[in-house]
Enquirer: 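Before I ask anything, let me first share the structure, which is written out below as structure tokens.
Every chain is numbered from 1, with letters handed out A, B, ... down the list of sequences.
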Amino acid sequence: MRVAIPLSQRKLNFKNEKISDEEFFGERKKILGLWPTGKEIDLDECIAYHKSMPKSKNAVYKLQQAKKEGTVLTQPRGGICLVDEYVKWLKLFQDKGKADILTAQSDSYTRNKRFDKAQTAWEESKKLGRSTLNGCPWVNWGLKESRRLIESIDVPLDGRAGTDIFSMEFALAAGATTFLGGVLNSGSYYPKDPPEKTIREMQQVSRLQGYYTEHGVPIASDSHAMSGPSYPVHSLEVAQVIIDSLIEAEQGVKYIILRCRQTMNLFQDVAKARALQALAGQYMKKCGHGDVETFLGFEDWVAAFPPDNAQAAGLVAMGAMSAHFTGAQNIMIKSLDEGLGLPTTESVVFSLRETKQVLNAVKHQKLPYSKEVEDEQKMIMKEATLILEKVFEMGDGDVAIGSIKAIDVGVIDHPFSSSVYNAGKVFPTRDANGMVRYLNTGNLPFTKEIIEFHREKVEDRKKVEKIEKDYKLMIEDITSFTRDV
Amino acid sequence: MRVAIPLSQRKLNFKNEKISDEEFFGERKKILGLWPTGKEIDLDECIAYHKSMPKSKNAVYKLQQAKKEGTVLTQPRGGICLVDEYVKWLKLFQDKGKADILTAQSDSYTRNKRFDKAQTAWEESKKLGRSTLNGCPWVNWGLKESRRLIESIDVPLDGRAGTDIFSMEFALAAGATTFLGGVLNSGSYYPKDPPEKTIREMQQVSRLQGYYTEHGVPIASDSHAMSGPSYPVHSLEVAQVIIDSLIEAEQGVKYIILRCRQTMNLFQDVAKARALQALAGQYMKKCGHGDVETFLGFEDWVAAFPPDNAQAAGLVAMGAMSAHFTGAQNIMIKSLDEGLGLPTTESVVFSLRETKQVLNAVKHQKLPYSKEVEDEQKMIMKEATLILEKVFEMGDGDVAIGSIKAIDVGVIDHPFSSSVYNAGKVFPTRDANGMVRYLNTGNLPFTKEIIEFHREKVEDRKKVEKIEKDYKLMIEDITSFTRDV
Amino acid sequence: MADKKRLLTGVIGYDIHYGGNVILQLALKDAGFEVISLGTQVSQKEFIEAAIETNADAILVGTMYGMGEIDCKGFGDALKEAGIKVPLYIGGNLAVGSDQMDASKKPEIIKRFQELGFKRVYPNPVDLEQFIKELKQDLKV
Amino acid sequence: MADKKRLLTGVIGYDIHYGGNVILQLALKDAGFEVISLGTQVSQKEFIEAAIETNADAILVGTMYGMGEIDCKGFGDALKEAGIKVPLYIGGNLAVGSDQMDASKKPEIIKRFQELGFKRVYPNPVDLEQFIKELKQDLKV
Ligand code: B12
Ligand code: B12
């Protein structure tokens with residue numbers, strides 16, 4: 001019913017190029033005008049404010065320290081709309097959960113610039129005494145409330161707002177120092193927007209982060225690919241994160257967290273993390289961003305979680321192990337309630353403490369060398385390179401333009417993405433040995449051998465596990481982690 | 001103050017030889033006479049009773065199936081003295097926890113044949129409505145109550161009574177099909193008994209298990225080494241389990257669970273498990289027990305647990321991962337309350353469900369080949385072989401006699417053992433890479449190179465972590481897992 | 001093909017959780033239905049227009065992000081107004097917060113959505129087989 | 001050496017948890033005490049005889065397996081009877097069951113053991129540094 005506008009009818013009147021000051025400030029003015037609180041933000045004051053904050057509250061410094069010491073910083077997600085309540089929560093996460101970085105995600109209305117709806121829900125929540133919004137309405141809060149939240153804690157705050165630039169303006173102004181990046185990822189958050197709109201917005205977002213950085217306030221962007229109900233698809237994830245990073249870097253972002261998502265297979269997690277770092281390094285240098293400092297971020301199983309706390313605890317610990325062995329500087333955890341709904345504080349504290357315990361327990365350990373893991377890494381790099389090269393080719397060297405064209409024909413594809421511009425032909429599954437493979441490679445620019453490799457692995461599993469239909473495989477993949485043990 | 005009787009003053013008037021029928025039955029008569037309930041046991045009736053039980057309640061059949069299917073059977077520990085209450089618990093573990101095998105450990109008074117004290121505490125518990133005993137007083141319960149417990153469940157029961165032969169008589173008579181073995185291990189339970197006493201008792205215990213097996217009721221013995229507050233010491237553990245197995249097999253035990261204990265290092269867990277199985281196979285064959293079927297059992301961290309549930313959950317999940325990758329058929333879990341005290345049922349159910357979730361998640365995965373893991377395995381085998389060969393040499397080919405002499409001079413040594421006959425010179429620690437090493441090799445019959453290897457590894461860690469005193473290292477090892485995150 | 005019942009489905013409001021909806025579609029197709037997907041972030045208006053246009057036999061609303069109740073306000077009435085009489089279903093996370101997902105809260109949540117005009121309400125975790133059985137019953141297939 | 005305080009320690013009853021006691025001994029030696037160890041499964045009688053024999057300055061009882069309260073019945077009185085006046089300490093798991101380890105139960109448990117004759121009572125988790133500080137205070141070192 002709802003259809004994407006064909007590429008031929010769309011204009012791509014921008015480039016992967018740093019936005020001019022004029023355009024940047026013009027755009028900011030428009031955005032800040034969308035809601036009365038916008039006028040509270042004065043960039044110079046904000047930068048001065050950041051500089052007055054203790055260094056220990058800046059995520060970049062903390063990530064740099066973690067890199068030096070070989071530790072993994074823990075970080076929960078979350079967000080609710082009542083500030084007093086959320087202050088209590090964050091303090092609990094920090095003091096009892098020993099979280100190293102805290103998070104405040106914007107809510108879904110705010111993300112969609114429906115500040116009117118967010119306002120109503122916020123007012124209602126205050127009356128009810130419980131949050132009916134699924135995140136933080138930064139814009140409605142305004143600067144004072146937003147700062148009050150961040151001032152109440154002692155560790156860095158991640159403002160996780162994606163391409164939601166107005167929220168980011170506020171979160172940055174209030175003292176947040178790391179943000180959700182993910183140019184291609186964001187498409188899924190705005191299913192009716194063509195990719196060029198999202199990418200353009202992301203450029204503005206990155207430009208703002210870059211601006212702070214250029215003025216002495218280091219800000220980190222958290223580049224990560226889209227997720228769905230089941231496995232991540234490795235080479236596509238790697239390619240996406242790298243594309244994101246390149247677009248962000250072009251706007252002046254100097255600190256990027258390369259986010260690597262849990263596969264449930266420790267060894268493939270490691271292979272992917274290594275592939276991602278190696279390839280990101282190559283491409284950043286190649287594109288003139290050798291000065292960008294990257295960190296490795298890990299993320300607990302982002303797909304469907306079991307609705308049982310004990311089962312969830314198992315996955316959380318597995319995530320922590322993987323985070324350590326991938327050599328990540330940061331782990332974004334899931335709460336035990338992930339499969340249920342926005343978590344109780346106890347559930348978040350539990351996950352944080354459990355994660356930290358596992359990290360402590362394996363702290364000194366190294367992954368023994370294995371050629372099999374190396375081969376897996378090489379395979380992921382080979383596939384991701386094919387995607388990346390095709391994107392550059394399609395964009396005549398411009399990665400942003402190339403991405404838009406690539407999405408159009410499914411050279412970039414997100415399994416289960418809500419975007420109407422997404423091809424939706426690629427699906428993940430695992431093989432008989434618990435390694436994630438492509439159930440469908442769709443239009444990914446892979447060689448015959450690669451396509452054959454994945455097909456064989458999947459067919460092999462179908463035989464072993466006696467599953468005939470592909471969609472049964474997909475349901476099995478999801479339910480094997482969520483069903484009652 | 002309390003001293004061991006020198007070996008020269010002790011008589012070792014027995015051999016590693018199958019106990020004659022006469023001696024076996026004579027001994028049984030003595031034991032069963034220690035408490036009035038003893039007369040309730042009639043061996044023929046017990047064997048018939050077992051044969052009337054569904055096969056699914058026999059641990060051996062279930063372990064064989066697990067081996068075939070490559071699954072890991074979950075098993076909690078525990079025991080309390082109120083039967084009605086314990087029936088409720090076991091059903092919960094089975095139905096909500098999905099435990100594959102259940103456990104009923106005897107209490108400490110019963111283990112020490114203080115049936116008078118156990119009786120008083122049992123009576124008092126009934127009045128109080130809560131158990132003041134830390135396990136199951138099988139002997140005081142008598143046959144009817146003991147059978148009532150096992151009849152209430154649908155899965156096999158582990159009677160875990162060690163050398164506590166009277167309890168074992170009852171647990172076997174009541175339908176239990178697997179038991180705690182561990183000849184050398186048991187010494188620590190009877191700190192004032194010389195090893196020859198424990199070994200002699202273990203022979204009787206094994207002979208009884210063998211008797212059932214010979215009469216068509218397969219019974220499994222769970223051979224496992226002693227544990228203390230911190231790491232296991234690998235090669236010593238492997239040697240001990242093999243010695244135990246040989247002594248048990250000599251008495252007619254045909255099914256042995258080789259128990260491998262978690263080290264907190266997945267890769268060393270695997271190396272040890274492989275070393276244990278390979279070496280056990282060699283020695284069993286060499287000693288004429290090639291017909292004994294062995295299983296691999298895994299055991300969650302048996303040392304000090306953190307008193308926080310969330311932290312405990314982390315270790316439990318790590319145990320489950322290791323159990324899978326070692327290829328074990330069974331995992332003995334710890335509850336989240338392990339570090340606190342006898343667990344609540346919720347805490348056991350949580351661990352069981354968490355464990356099963358992790359097992360399901362990694363079910364199809366294989367450990368990639370790594371030469372480093374293989375080298376670790378070889379090292380453990382080499383060390384364990386040196387110990388075993390020395391024991392055989394000291395016993396002139398008799399492993400039981402050899403063990404007693406080996407304990408006397410510390411060729412076999414248990415860190416932190418309570419036995420006054422134990423040398424107590426060997427201590428474990430980890431190295432800078434999180435691998436378990438010997439802090440002290442004591443009088444273990446190792447080559448200079450091996451001793452040097454461990455020393456260097458430990459010195460290296462001391463330097464890296466800036467710890468000077470050995471005992472500070474020991475405290476660090478324990479508290480690193482138990483302290484607040 | 002002709003006698004296949006036609007189902008209209010989409011994820012309401014500003015919700016973009018599409019994964020579950022994809023799975024739902026696959027299961028419904030496998031059960032012999034024709035499925036028309038509206039994707040995510042579907043407004044009440046879009047549902048209504050599509051229902052008229054496609055002459056659908058039932059409307060299946062998905063909501064995961066917890067704010068579905070706000071999005072569904074007046075949905076039943078709007079359908080009535082548009083003269084649509086086919087049954088309306090909803091499934092997913094029907095409130096914000098894990099404390100709302102407790103089985104004890106289900107009756108209350110179901111009631112709230114029924115009052116908004118839903119024939120049947122399926123709070124997570126949803127048993128798809130059960131749902132399809134009940135759907136077939138309602139549609140007499 | 002001469003002015004070192006002499007401590008007698010052991011694990012009471014049928015308890016064989018020796019690990020914690022070994023660590024305790026190491027910590028006490030490091031803190032400058034002379035330590036006499038009775039090992040595990042030590043009866044009240046053995047403690048008393050050893051106390052007289054060694055002229056110990058304090059008795060440190062360990063108990064881990066939860067049944068220590070039964071094992072300690074009448075200990076204080078027995079010491080008095082034997083004319084021993086040195087302070088008596090206990091530490092470890094002082095009851096059966098994790099539900100008994102809750103901080104809220106501590107005062108009650110401490111009281112029960114104090115009534116049995118213990119000067120100071122340390123339910124797990126024990127802060128050894130704190131214990132040693134208080135011990136030194138009591139023994140005036
Ligand atoms: C994957 C995921 C995402 C992905 C979605 C990608 C995609 N394209 O689908 C991404 C990362 C984008 C995402 C984003 C967000 N998410 Co999200 N997400 C999840 C997650 C982990 C899995 C969802 C999933 O795919 N499940 C598997 C599928 C198969 O199950 P299902 O969706 O429940 O669908 C089944 C049933 O519900 C049923 N069903 C579905 N529709 C219908 C309809 C009918 C009529 C019937 C009968 C049945 C039915 O059939 C399906 C198959 O069995 C869940 C947590 C979880 N469940 O583990 C959180 C979760 C749903 N997300 C949540 C939140 C808060 C968000 C964000 C708002 C976070 C933020 N503040 O930014 C944003 C949403 C932004 C927006 N505008 O919507 C919350 C919702 C909170 C609540 N309800 O209390 C959850 C529960 C996580 C949590 N515990 O906090 N998310
Ligand atoms: C290792 C261990 C064993 C080993 C002991 C080996 C050995 N040689 O020490 C083995 C396997 C043999 C064992 C056996 C049993 N165990 Co056990 N064991 C443990 C375990 C896992 C760790 C204990 C430990 O070493 N901790 C580390 C040390 C450093 O800490 P600690 O012992 O608490 O000692 C510290 C303090 O207490 C303090 N301290 C000690 N003494 C004193 C004295 C004074 C005066 C002061 C001030 C301080 C002090 O200083 C120490 C250093 O910080 C604990 C659970 C846990 N805590 O994780 C269970 C545990 C103690 N065991 C338990 C049980 C039930 C048993 C068995 C009865 C099981 C059975 N039914 O067969 C048997 C006991 C048989 C018997 N006769 O005693 C229970 C006790 C139940 C309860 N209290 O509610 C526990 C708590 C497990 C549980 N959650 O159920 N066990």
Side-chain angles (χ1 to χ4, degrees), chain A residues 1-2 80-81 107-112 114 117 120-121 124-125 130-135 187-192 227-230 303-304 306-309 335-344 347 414-420 422 424 427 469-472 474-475 478-479 482-484, chain C residues 8-11 13-30 36-43 46-47 49-51 53-54 56 62-71 73 92-103 105 109 123-129:
Chain A
M1 315 282 308
R2 182 192 292 162
I80 51 170
C81 68
D107 68 273
S108 297
Y109 287 145
T110 298
R111 285 211 180 178
N112 287 280
R114 291 303 306 262
K117 278 182 165 270
T120 316
E124 202 185 295
S125 300
R130 69 172 169 86
S131 184
T132 61
L133 282 174
N134 59 13
S188 214
Y189 279 86
Y190 305 98
K192 305 170 202 178
S227 57
S230 88
D308 174 68
N309 278 348
S335 82
L336 295 201
D337 283 347
E338 173 63 16
L340 290 170
L342 284 189
T344 60
S347 145
H414 293 95
F416 305 101
S417 167
S418 58
S419 171
V420 298
N422 185 62
F427 286 105
K469 294 185 190 168
D470 278 6
Y471 99 91
K472 292 265 177 194
M474 286 159 64
I475 291 185
I478 299 167
T479 55
T482 57
R483 68 175 163 236
D484 193 10
Chain C
L8 189 66
T9 184
V11 180
Y14 289 89
D15 196 340
I16 53 134
H17 290 94
Y18 194 44
N21 192 268
V22 172
I23 299 296
L24 178 71
Q25 292 178 40
L26 292 170
L28 290 169
K29 282 179 195 158
D30 196 57
I36 300 159
S37 159
L38 297 178
T40 62
Q41 294 206 345
V42 185
S43 64
E46 285 175 288
F47 269 112
E49 285 170 5
E53 203 177 308
T54 63
T63 182
M64 297 303 142
Y65 71 162
M67 304 183 338
E69 197 177 340
I70 316 183
D71 301 323
K73 275 202 180 127
N93 296 322
L94 304 181
V96 167
S98 61
D99 52 336
Q100 299 297 313
M101 304 301 290
D102 196 79
K105 305 258 166 139
I109 289 176
N124 261 351
V126 182
D127 178 346
L128 280 188
E129 284 181 28

Enquirer: Counting only heavy atoms closer than 4.5 Å, note whether Arg114(A) contacts chain C via side chain, backbone, both or neither.
Expert: side chain
Enquirer: Under 3.5 Å, side chain of Lys117(A) to main-chain N/O of Ile70(C), donor-acceptor pair present?
Expert: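 No, because the side chain of Lys117(A) does not come within donor-acceptor range (under 3.5 Å) of the backbone of Ile70(C).
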Enquirer: How long is the gap from CZ on Arg111(A) to CD1 on Ile16(C), to the nearest 0.5 Å?
Expert: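 That separation rounds to 7.5 Å.
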Enquirer: Please find the pair of heavy atoms, one from Tyr65(C) and one from Asn134(A), that lie closest to each other, and give the distance.
Expert: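 Looking at all heavy atoms of both residues, the closest pair is O-ND2, 3.1 Å.
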Enquirer: Less than 4.5 Å to any heavy atom of chain C: does that hold for the side chain of Ile478(A), its backbone, both, or neither?
Expert: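 Ile478(A) touches chain C through side-chain heavy atoms alone.
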Enquirer: So, do Met67(C) and Thr132(A) sit near enough that their side-chain heavy atoms are less than 4.5 Å apart?
Expert: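 No - every pair of side-chain heavy atoms lies 4.5 Å or more apart.
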Enquirer: For residues Val96(C) and Leu133(A), determine if any side-chain heavy atom of one lies less than 4.5 Å from a side-chain heavy atom of the other.
Expert: no
Enquirer: Can you name the closest pair of heavy atoms from Leu340(A) and Met101(C) and give their distance?
Expert: O-CG, 3.1 Å
Enquirer: Under 4.5 Å, counting heavy-atom pairs only, tell me which of Pro125(C), Gly19(C), Ser98(C) racks up the most with chain A.
Expert: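 Going by pairs under 4.5 Å, I would pick Ser98(C).
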Enquirer: Side chain, backbone, both or neither: which part of Thr120(A) has a non-hydrogen atom closer than 4.5 Å to chain C?
Expert: neither
Enquirer: Please look at Asn124(C) and chain A and tell me whether the side chain, the backbone, both or neither of the residue comes under 4.5 angstrom of a heavy atom of that chain.
Expert: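 When you check distances to chain A, no heavy atom of Asn124(C) falls under 4.5 Å.
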Enquirer: Please identify, among Asp30(C), Val22(C), Asn21(C), the residue contributing the most non-hydrogen atom pairs under 4.5 Å to chain A.
Expert: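 The option with the most such pairs is Asp30(C).
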Enquirer: If you measure from the Lys or Arg side-chain nitrogens to the Asp or Glu carboxylate oxygens, is any gap between Asp99(C) and Arg130(A) under 4.0 Å?
Expert: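 No salt bridge links Asp99(C) with Arg130(A).
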Enquirer: Sort out for me which residue in Asp15(C), Thr40(C), Val11(C) forms a side chain to side chain contact (heavy atoms under 4.5 Å, CB included) with Pro191(A).
Expert: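 Single side chain to side chain contact (heavy atoms under 4.5 Å, CB included) partner of Pro191(A) among Asp15(C), Thr40(C), Val11(C): Thr40(C).
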Enquirer: Looking only at heavy atoms and a cut-off of under 4.5 Å, which of Pro307(A), Ser108(A), Gly228(A), Ala304(A) has the most pairs with chain C?
Expert: Ser108(A)
